[in-house]
Asks: 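Sharing a structure, written as structure tokens. Questions coming.
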Protein chains: 2
Amino acid sequence: MANIRDVAKKAGVSVATVSRVVNKNGYVKKSTLEKVNKAISELNYSPNAIAVSLNNKKTKTLGLILPDITNPFFPELAKAVEEVANQNGYTMILCNSNGLLEKEMEHIEMLERKYADGIILASDSYTEERLKGTDLPMVLLDRGVNPNHSSITANNFSGAVMATKHLLKQGCKKIAHIAGPKNVLTAVDRLKGYQSVVRDSNWYDGDLIIHANYNTKEAITATKKLLEMDSSIDGIFASNDLIAIGCLKAIRSIGWKVPDDIAVIGFDGISLTDLIIPQLSTIKQPVYEMGEAATKLLINEIEVGKKESLFKEFDVTLIHRESTDKRGEINE
Amino acid sequence: MANIRDVAKKAGVSVATVSRVVNKNGYVKKSTLEKVNKAISELNYSPNAIAVSLNNKKTKTLGLILPDITNPFFPELAKAVEEVANQNGYTMILCNSNGLLEKEMEHIEMLERKYADGIILASDSYTEERLKGTDLPMVLLDRGVNPNHSSITANNFSGAVMATKHLLKQGCKKIAHIAGPKNVLTAVDRLKGYQSVVRDSNWYDGDLIIHANYNTKEAITATKKLLEMDSSIDGIFASNDLIAIGCLKAIRSIGWKVPDDIAVIGFDGISLTDLIIPQLSTIKQPVYEMGEAATKLLINEIEVGKKESLFKEFDVTLIHRESTDKRGEINE
DNA sequence: TTGAAAGCGTTACCAG
DNA sequence: CTGGTAACGCTTTCAA
């Protein structure tokens, strides 16, 4: 690949001049501009990004750290981040942390060493303590709120309230909650939302809450346990869609019918919920918009600087489908 | 962040010496080694990757270009690539091409400018013609075979044969095929596999083949069309799982039963197939292993150089589930 | 065993 | 309007 000196030589000018025309800054006489452009296209020159980076300490690279790209919630997020990044001339490095704090830290250090310009962190295990070494611009996504960093979340609490009230409205008399992990912020907020609605009901009981990780397998076990314990449960609010699908499988395996015997609603709104039978009611997060907002926010912090931490919370929406349609309200 | 000069000053040696101890090459007296190491840890020094790259023209960065991270087949691939890359000290840039040749080319150029060390390309539209500008090491994944580049694929043809024979064995008398796009290599091979099995059957007819893109929505339309045209169809081999799920939805919407009225089998083995009801039979590709193999192959080409193009084809396996279980062979 | 200095490809400042 | 050159942080000869 040709470099800037080759171009300079070919055009009969100095490298400084070439640099000026490439970056369109400074004055260049029209005739030399043309000479240089000619040389550039003849040599098919394009500036070496590494050398540029070494100078200005900017790499036009963003890091996206996710717990697990394999969880259907995240690919759409990744897509949004990648697209917005690209539109702004940035490139995205994808890092999987498997939810491990240690891996997260490794990735952050690596991104620093590679001079990434900023990081979008979707973390389970985020604690301010561990992050304070970094001074890279960083925005927290979906799973963490903290005064030192801007963050984007969905309104998990109010979504949980919506889900629980929806179940009530459909006629459920006793609603259980399969909560996510205790240390995951979204899970905690959703649990609180559920509790705020049912706390004062006469049937309410702490045993109606059971914890499981955000996956289908554990949810199956949890659901069976729940229904064995109390067969009068007729509604489940699952902390996310993967858990809800586990519920569906467990319920089916013991021969109950959804939604007649028991209604189920999830959270997230992954596309999967539309593909399964019965179709799963859920609280939909505007995932793409969230990824988009996070990326724009980050790029803004990088390019114009950060004044204050912004904390943006997105509204969620109820999607009413078969799995909670006890009253035949849906007409397909 | 501290740089090599800071360390040198602190240790009272030259930068050359620091470089030697960091890279463990050249002779260093034990006592100075210790001094230097001390300074390094006190300053928490780690070499600036950009500067290193500028020297050796290696960035320890791989590009992964995918049609669409949102298609459930790809996240697992991405995960494999990321993990293996990380294990070898590489970082992965993720690029979404949306299946557009133009976008692919843009990404490739960007990766060249950023001095990526190599590319893994999963492409629909791959044609050698367009790629010949690049001399970056590149391995083709899943959707392209070409003498100039190593490639990793699954055995699509024999998988299709397995699927079709499986349907026959389950008692299907007339099997249709919803094929993928005509310009996608995997789709073409699967179509050929199907044809090789049924071509000589007395019921065979070209109308039993219908094309659709690799998504659920189009598959619904296609399936309805197929069954309206010929209601004696009692088996469908779908070119991928997303299509198969579309079949299931369409079949359900017209009131038929799976697998009794009609059996359905997909291809890919995405985890989704295990979560839906009825569970979907499918031909499973070893996705993770494929991603792993591609990455190892690429890293090998980068680090030890490439002698010849390797062409590795992975075996696929039949997963027999409810959607084709006409004879009650599955005991859960 | 160690240090000085050139070079990697740019940009940006300072002169002219 | 243009050119020379220091600087970015590191590696790698070449000498000592």
Side-chain angles (χ1 to χ4, degrees), chain A residues 1-40 43-61 89 109-117 303, chain B residues 1-40 43-61 89 109-117 303:
Chain A
M1 273 229 273
N3 66 24
I4 197 171
R5 258 189 300 274
D6 300 330
V7 177
K9 195 178 297 169
K10 180 142 202 160
V13 299
S14 74
V15 294
T17 301
V18 177
S19 177
R20 278 186 209 104
V21 350
V22 169
N23 299 294
K24 304 189 199 312
N25 64 14
Y27 299 95
V28 181
K29 202 204 301 172
K30 197 163 181 187
S31 64
T32 64
L33 178 79
E34 281 160 4
K35 274 193 302 190
V36 173
N37 276 136
K38 183 152 165 285
I40 286 176
L43 292 170
N44 196 249
Y45 166 76
S46 87
N48 178 321
I50 300 291
V52 175
S53 295
L54 188 58
N55 263 289
N56 58 199
K57 292 158 177 314
K58 296 258 175 261
T59 53
K60 289 277 181 180
T61 301
E109 278 163 25
M110 181 276 292
L111 290 166
E112 283 185 307
R113 244 177 308 124
K114 289 218 170 170
Y115 268 38
D117 296 336
E303 297 187 347
Chain B
M1 271 230 274
N3 66 24
I4 198 171
R5 257 188 302 273
D6 300 330
V7 177
K9 194 179 300 172
K10 180 142 204 159
V13 299
S14 74
V15 296
T17 302
V18 177
S19 176
R20 280 186 206 102
V21 352
V22 169
N23 299 295
K24 302 189 199 313
N25 64 12
Y27 299 94
V28 181
K29 203 203 300 171
K30 195 163 182 186
S31 64
T32 65
L33 177 80
E34 282 159 3
K35 273 192 304 189
V36 172
N37 276 136
K38 183 151 164 284
I40 287 176
L43 293 170
N44 195 250
Y45 167 77
S46 88
N48 177 319
I50 301 290
V52 174
S53 294
L54 189 57
N55 266 291
N56 58 201
K57 290 155 178 316
K58 295 258 176 263
T59 53
K60 288 278 182 180
T61 301
E109 278 162 24
M110 181 275 293
L111 289 167
E112 281 184 308
R113 244 176 310 122
K114 289 218 171 172
Y115 268 38
D117 296 335
E303 297 186 347

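Naming convention: chains lettered A, B, ... in sequence-line order (proteins, then strands); numbering from 1 in each chain. Predicted, not measured: the structure shown is a model, and the values here were computed from it. Worth knowing before you read on, the calculation uses all heavy atoms, side chains too, and leaves out hydrogens, waters and symmetry mates.
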Asks: To the nearest Å, give me how far apart CZ (A:R20) and P (C:dG9) are.
Replies: 21 Å
Asks: Taking OP1 and OP2 of D:dC1, is either one under 4.0 Å from a side-chain nitrogen or oxygen of A:T17?
Replies: no
Asks: Should B:R20 and B:N25 count as side-chain neighbours, where that means a heavy-atom distance under 4.5 Å?
Replies: yes
Asks: Using a cut-off of strictly less than 4.0 Å, decide whether A:N55 has a side-chain nitrogen or oxygen near OP1 or OP2 of C:dT11.
Replies: no
Asks: Could you work out which one of D:dG9, D:dT11, D:dT2 sits closest to the side chain of B:R5?
Replies: D:dG9
Asks: Please state how far atom NZ in A:K30 lies from atom P in D:dT2, giving the value in whole angstrom units.
Replies: 14 Å
Asks: Between B:Y27 and C:dG3, is there a side-chain N or O to OP1/OP2 distance below 4.0 Å?
Replies: no
Asks: Return no unless some side-chain N or O of B:T32 is found under 4.0 Å from OP1 or OP2 of C:dT1.
Replies: no
Asks: Checking B:N3 against B:N48 for the side-chain contact (heavy atoms from CB on, under 4.5 Å) test, could you report, in this order, the C-alpha distance in whole Å, the side-chain angles of both residues, the deciding distance, and whether it holds?
Replies: CA-CA 7 Å; B:N3 66 24; B:N48 177 319; over 6 Å; no
Asks: C:dG9 phosphate, OP1 or OP2: any side-chain N/O from A:N3 under 4.0 angstrom?
Replies: yes
Asks: Can you measure B:N56 atom CG to C:dC8 atom P for me and round it to whole angstrom units?
Replies: 13 Å
Asks: Would you indicate which nucleotide in C:dG9, C:dA4, D:dG4 comes nearest to any side-chain atom of B:S14?
Replies: C:dA4
Asks: A:V13 or B:V15: which one's nearest nucleotide on DNA chain D is closer to the 5' end?
Replies: A:V13
Asks: Report the nucleotide, chosen from D:dG3, C:dT11, C:dG3, that has the shortest atom-to-atom distance to any side-chain atom of A:A16.
Replies: D:dG3
Asks: Can you measure B:K35 atom NZ to C:dT1 atom P for me and round it to whole angstrom units?
Replies: 14 Å
Asks: Using atom CD1 of B:I50 as one end and atom P of C:dC8 as the other, report the distance to the nearest whole Å.
Replies: 18 Å
Asks: At less than 4.0 Å, is any side-chain N or O atom of A:K57 found next to OP1 or OP2 of D:dG9? Yes or no.
Replies: yes
Asks: About how many Å separate NZ of A:K9 and CG of A:L43, when rounded to the nearest 0.5 Å?
Replies: 10.5 Å
Asks: Any side-chain heavy atom of B:K60 sitting closer than 4.5 Å to one from B:V52?
Replies: no
Asks: Just N and O in the side chain of B:S19: are any of them under 4.0 Å from OP1 or OP2 of D:dC10?
Replies: no
Asks: Please report, rounded to the nearest Å, how far the P atom of D:dC8 is from the NZ atom of A:K58.
Replies: 16 Å
Asks: Show, in sequence, the C-alpha distance, side-chain angles and deciding distance for A:K29 and A:E34, and conclude whether the salt bridge (Lys or Arg N to Asp or Glu O under 4.0 Å) test is met.
Replies: CA-CA 9 Å; A:K29 202 204 301 172; A:E34 281 160 4; over 6 Å; no
Asks: In whole angstroms, how far is the P atom of D:dT11 from the CG atom of A:L54?
Replies: 12 Å
Asks: Can you work out whether B:G12 or B:A51 has the more 5'-proximal nearest nucleotide on DNA chain C?
Replies: B:G12
Asks: In whole angstrom, what separates B:L43's CG from D:dC10's P?
Replies: 12 Å
